[in-house]
Structures are given as structure tokens and as C-alpha cells.
2 protein chains.
Amino acid sequence: MTKASTSDIVSPSTGTLGKAIALVELVALADRPLRFTDILDRAGQPRGTLHRQLCHLVEEGLLEMNADHCYEPGLRLLKLASRAWGRSDLRRLAAPHLQALHDATGETIHLGMLRDTEIIYLDKVESRQAVRMASQIGRASPAYCTGVGKAALAALPQPRLDALLDLTEIRPFTQHTIVERQALEAEIAAIRRAGHAFDREEHEAGIRCVAAAIFDQERTFIGGVSVTGPAYRVGEEALRNWAPLVRAAANAVMEEIAARLGPKA
Amino acid sequence: MTKASTSDIVSPSTGTLGKAIALVELVALADRPLRFTDILDRAGQPRGTLHRQLCHLVEEGLLEMNADHCYEPGLRLLKLASRAWGRSDLRRLAAPHLQALHDATGETIHLGMLRDTEIIYLDKVESRQAVRMASQIGRASPAYCTGVGKAALAALPQPRLDALLDLTEIRPFTQHTIVERQALEAEIAAIRRAGHAFDREEHEAGIRCVAAAIFDQERTFIGGVSVTGPAYRVGEEALRNWAPLVRAAANAVMEEIAARLGPKA
DNA sequence: AAATTAGTTCCACTATCTGGAACTTACTTT
DNA sequence: AAAGTAAGTTCCAGATAGTGGAACTAATTT
């Protein structure tokens, strides 16, 4: 029996717990508030069972039920996540380098990690308060069509990459999204050679980005940094010019990690 | 049997789920990474049981195990919480009014909600990027010694207030923290009369704050707004001057809520 | 007012969780 | 380096808690 490493991708056999948090996710990812019956339709569980599970989740504060009988994600999630965020070593070590990269480029900087087939953004530094701060932190985007995501894919050992791509449901977000498996693998090979990844409006129309991977001592991927900007302001040339800066930032974070482990022991 | 409303305070009897997320909380709130045995000591469960539970949590991405066998909060928490945050109606409606309040005062603005005996901060607007953005979002602080918290307490019907205070473990965070139950009740009475609450360095030394409650149509408390600043810059007088502004901001949010419910039906 | 839909409760059944003990692996000490 | 000790993992009979069909109540709709 394999021990459950963070990076294994397995169909969850976690019994009760799995079902429970699948419900939380169902509610959290829905684009509108869900009533009991909405959830019943989507969850494929008998009424009685579902009802009890929802009650438990509400009692635990993972879900809440508002005035019009709709279930919504609960505040306790926020509390737990804020601790997770505050304690992340990678985030803490990377923060100054993200800021430096922002100062150098003037564009938005992201720090992301790979979780299953998705990139989850751990931190960002924004130009001015563009839209609303923190709105992207914790956001999950598919790996195969984002800068940090593709840098992550390119950083994986081939068998894990294959397994991950097999699990990924590829669909076109924009007309530039790479949807052919072969084309994607060629892109990944190119990223391996170059040491950085571009996102040319593949996830969001009008948004371009350059990203580089961060590795730990054993050369396993732990995260990625990127510079992102609107296409009207960020041309192909700007992307290419920033690539060395992004790689340098990623390297600086790696050195930081190495430095921290040295004195520690 | 009472239906489990968000605001009921009950000892959780949620079986497996309750134990599981108690573990997540244990790991998330710990001030250092915990190894298996550390958790074993604190969780009071037999080895076998605990081990399986932790495995399940890791498989679900609620916890992660790092290289040196320490458990840490998982990325999936971030993902779920970011959806919770992005979808919060209160946050969305309040945002412009927080900004306006910030423009008027120049100090840090918080929006918080009550969860059991704690205030959880849903949003904030900060002076310049003071320390690190978003660091406070999701943060939980005790109700009895914070501005928003005391405003919340004063807004509760007496029986719920009593129940809540009975559950609260009161301890002095600073030398100004109100620790006597009687003094606290007097303070709450004063807040009820005034319509706003002060925090005079009761939670953190050197930090002062004014807060006001936000109610829904039925006059039940749903959240609070506050202006917070360092004591050297924010005197008693400034606090008193801001009180009307804070109350006005809270009222503006209430009108927003009322307006949204009008056209809707 | 009747019909329909939505939400909640009940209880026999059984899948899942429990926890003691044995086992394996990774450090520590002499 | 070998023995000792602590940390982490696996196993299985027994107990608990979760399951799900059906009956019931409450809220809408016709």
C-alpha cells in the first residue's frame, strides 16, 4: 500500500469524510446559492443521508444556511485557510522576491503551487489596487493553460506528467488554448528547454504571462512565479524580456530555501 | 429538536466529521508544525484511529505532510475559502462603503462577522500596503476585546449574549482588556446606548478602534465595521469623532442590503 | 382547497470507524 | 557498530455511526 503522498493522484476512498467535503466543494464551486434539492440532484445521494450530512457540515461551520434556505460556504473555512496561508513557508520566503519582481516589471506577480491538476495561487502583488485585493489568492486554475501551470507540468518527471494529463479534462477557454495533447506535449518540451513558460491568452482572452518553476533541493517542483499583464500593454517582446527576470526571481527563492535549510540543521 | 441555525452554540455531535476537522483545526492553529506524536498527545485518540484519520485528511488535501513528517494545513482549504470569500454577499455590498470610510479617515477599515465567540474578519482596506495584504482576512479574534466583537455582543439579544459569554474564556491580552464579567456587561450596556463600540488597546497594545454593528431587516446582527489605528496617531478624541462616520457606514451597508432585497422579490 | 413540490424525521440495516496490540522503520545512545 | 528506544504504520474483531427507503410535515403553486 502506498503511503498517501501529497503528490499522488488517487480517487479518494476516504469514506465519510470524502463525501462530506465533496459537498462543501459542491456548494463552494457552484455559481449560485444552492437549495437542498439542487444539492440532492447533483450529489447523487438519498435524501435522508444528504440531509444529515448537510446538518453536520452546518454544525461544524463549514457550511451555512441563509435565510432563504440556501447553503453557502461557511466562515470557518476562512479561518482555517487564513492560518494555512499565514504559515506557508514558501509564501513567506518568496514574498520579498515577488515584490522585487513587481518593482522591476510593474505588472502583477503571482505565486502558485500545483495541487492535482490545478494551480492554486498562494500570493500575488498587484500594480495598484486593480480590482479587489486578495481576490485571486486561493483561486484554482487548470495547469495546462496557465503560465505557472505549464511551468509546473514541464517540471514534473515524465510518468507523473503523463498520469496528470490523463486525469485532466482539456477544454478551450479561449481560442488560443492548447487543446491537442500532442501540441501540449510539444509546448512542455519547449518549456523544458527554455526554462520558462508563456501563457499567450490561453486561459483568459487578453491576458499574457511568463512563468518559471521553483524547485527544492531534490529538484522536485514546489511552486512557480509569474508576471501577468493585459495583452494591449504586454507584447510578445515584453514577455521574452521578462523571462530572465522571472527565472532569476525563481532562483532567488530557491536560494532562500537552501539558505534556510543550511543553518537550520 | 432545534434545527441547527448558524448562530446556535452547541457542542458538536457531528461524529466522524467533527473529529476530522477538529484535527485540521488543531494543525492549523498550532504555532509550529506538528509531527504525528505531537498530534497524538493533543488529540487524545488512539494511535491507529488517529493515523487513519490523518491519512484521510491528507488524501483529501485538507492537510499535507511535508518532508520532515510534519503535518500542515492543506492547499485545498485555500481553494475552498477563496470561493467562500468571493461569494459573500455582505462583503460585496459592504466593499464600497469600507473604501469610503477609509477615504474619510485614512486609517485601516475592517469588516467582521461573529462566529460562536469569535469575530472573523471578512475584509479590510489598508492605509498603504502596511504589512502584508490579506494577512488579516479570515483571522479570528475573540469578541469580548475587539471593537467589532463588542459591537456584536451588544447587538445580541440578552439570552444569546449570556450564553455566549458563558462559553467565552476571558483572559487579559493587554493591561486594558476587560476581564471582569460585570465590567464587560456594563461596557456592553454603554455600547447599546451609544450605538458604537470602542477598543482602547484591549486586544493589542497600541491599537485603538471604533466599530458599529450592521443589522439585517429583522434587526439581527450580521456583521460589523471598524476603523483601527495606532494609539500614537489615534487619540480618544479621534475615536469619538469617527464614531458617527462608522455608524453612517454601517447604516449605508444596511440600506444596501434592504435595497437589494426590495427589487429582488 | 387540492395538488405538487420542498424539506425533515424515523429506524432497521450495515458499512465504516474504532482502538488495542503487534509490527516496522528511523533515530539515539553506549 | 550494535543494541535500545522512540516514532510511525498495519491489522482485525467488535462497536459505532452512517445509510437510505419511506412516511411525515411545511411551503408553494394551480
Side-chain angles (χ1 to χ4, degrees), chain A residues 1-8 10-24 26-27 30 32-60 62-72 218 261 264-265, chain B residues 1-8 10-24 26-27 30 32-60 62-72 218 261 264-265:
Chain A
M1 200 72 38
T2 59
K3 84 174 167 186
S5 134
T6 320
S7 44
D8 284 348
V10 286
S11 53
S13 62
T14 47
T16 310
L17 178 68
K19 289 169 200 162
I21 75 124
L23 285 179
V24 176
L26 182 65
V27 171
R32 61 187 181 82
L34 299 176
R35 290 196 313 291
F36 179 82
T37 324
D38 299 321
I39 302 177
L40 185 62
D41 293 339
R42 299 167 197 217
Q45 283 191 86
R47 305 170 89 77
T49 304
L50 182 66
H51 187 260
R52 182 182 30 77
Q53 284 178 337
L54 290 173
C55 285
H56 283 174
L57 288 168
V58 169
E59 250 187 275
E60 287 296 337
L62 301 184
L63 292 181
E64 282 168 28
M65 189 194 267
N66 67 19
D68 30 323
H69 281 258
C70 285
Y71 290 91
E72 297 188 16
E218 287 96 32
L261 259 73
K264 182 188 160 193
Chain B
M1 197 79 35
T2 58
K3 86 173 164 186
S5 131
T6 319
S7 43
D8 285 347
V10 286
S11 54
S13 61
T14 46
T16 309
L17 179 68
K19 288 168 200 162
I21 74 121
L23 284 180
V24 176
L26 181 64
V27 171
R32 61 186 180 83
L34 299 177
R35 288 196 316 289
F36 179 82
T37 324
D38 299 321
I39 303 177
L40 186 62
D41 293 340
R42 300 169 195 213
Q45 284 193 87
R47 304 168 88 75
T49 304
L50 181 66
H51 186 259
R52 183 182 31 75
Q53 284 178 335
L54 290 174
C55 284
H56 284 173
L57 289 168
V58 169
E59 249 189 276
E60 287 297 337
L62 300 183
L63 292 181
E64 282 168 27
M65 189 194 267
N66 66 20
D68 29 322
H69 281 258
C70 285
Y71 289 91
E72 296 189 16
E218 286 96 32
L261 260 72
K264 181 189 159 189

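Numbered from 1 within each chain, the chains take letters A, B, ... in sequence-line order. The model shown is predicted, which means the values in this text are computed figures rather than measured ones. Worth knowing before you read on, the calculation uses all heavy atoms, side chains too, and leaves out hydrogens, waters and symmetry mates.
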request  = Using a 4.0 Å heavy-atom cut-off across all strands, classify B:R35 as base, sugar-phosphate, or nothing.
outcome  = sugar-phosphate

message = Using whole Å, what does the distance between atom C1' of nucleotide C:dT16 and atom NE2 of A:H56 come to?
response = 14 Å

request  = Round to the nearest Å and state the distance from B:E59 atom CD to D:dT9 atom C1'.
outcome  = 15 Å

message = How many whole angstroms separate atom CG of B:N66 from atom C1' of D:dG8?
response = 15 Å

inquiry  = In whole Å, I'd like the distance from the CG atom of B:L34 to the C1' atom of D:dA7.
reply    = 15 Å

ask   = Below 4.5 Å, heavy atoms only, C-beta onward: do B:V58 and B:Y71 meet side chain to side chain?
value = yes

task = Side chain of A:H69 only, please: which of C:dT8, D:dT9, D:dT19 is the nearest?
result = C:dT8

query = Would you say A:K19 and A:T16 make side-chain contact, with heavy atoms under 4.5 Å?
reply = no

ask   = Do B:R47 side-chain and D:dG8 base share a donor-acceptor contact under 3.5 Å?
value = yes

note = In whole angstroms, the gap separating C1' of C:dA6 from CG of A:L40 amounts to 10 Å

query = What's the closest nucleotide to the A:T16 side chain, out of C:dT16, C:dT18, D:dG8?
reply = C:dT16

request  = Side-chain contact test, heavy atoms from C-beta onward, threshold under 4.5 Å: evaluate it for B:L50 versus B:L23 and give yes or no.
outcome  = yes

query = Atom CE of A:M65 to atom P of C:dA6: distance rounded to whole Å?
reply = 15 Å

task = Please confirm whether any donor atom in the side chain of A:T49 sits under 3.5 Å from an acceptor in the base of D:dG18, or the reverse.
result = no

inquiry  = I need the CG-P distance between B:L54 and C:dG19, as an integer number of Å.
reply    = 14 Å

remark   = Side-chain atoms of B:F36 come closest, of D:dT9, C:dT16, C:dT8, to D:dT9

request  = Between A:D38 and A:K19, name the one whose nearest nucleotide on DNA chain C is closer to the 5' end.
outcome  = A:D38

query = Do A:L54 and A:H51 touch side chain to side chain, with heavy atoms closer than 4.5 Å?
reply = no

ask   = When rounded to the nearest 0.5 angstrom, what is the spacing between CD in B:E64 and CG in B:L62?
value = 10.0 Å

task = Calculate the interatomic distance between A:R52 atom CZ and D:dG21 atom P; express it in whole Å.
result = 13 Å

query = Out of D:dG21, D:dA17, D:dT9, which has the shortest distance to the side chain of B:H51?
reply = D:dT9

key: Residue-phosphate contact under 4.0 Å: B:T37 side-chain N/O, D:dA6 OP1/OP2   = no

ask   = When we call it a touch if two heavy atoms are under 4.0 Å apart, what does B:Q45 touch: a base, just sugar-phosphate, or nothing?
value = nothing

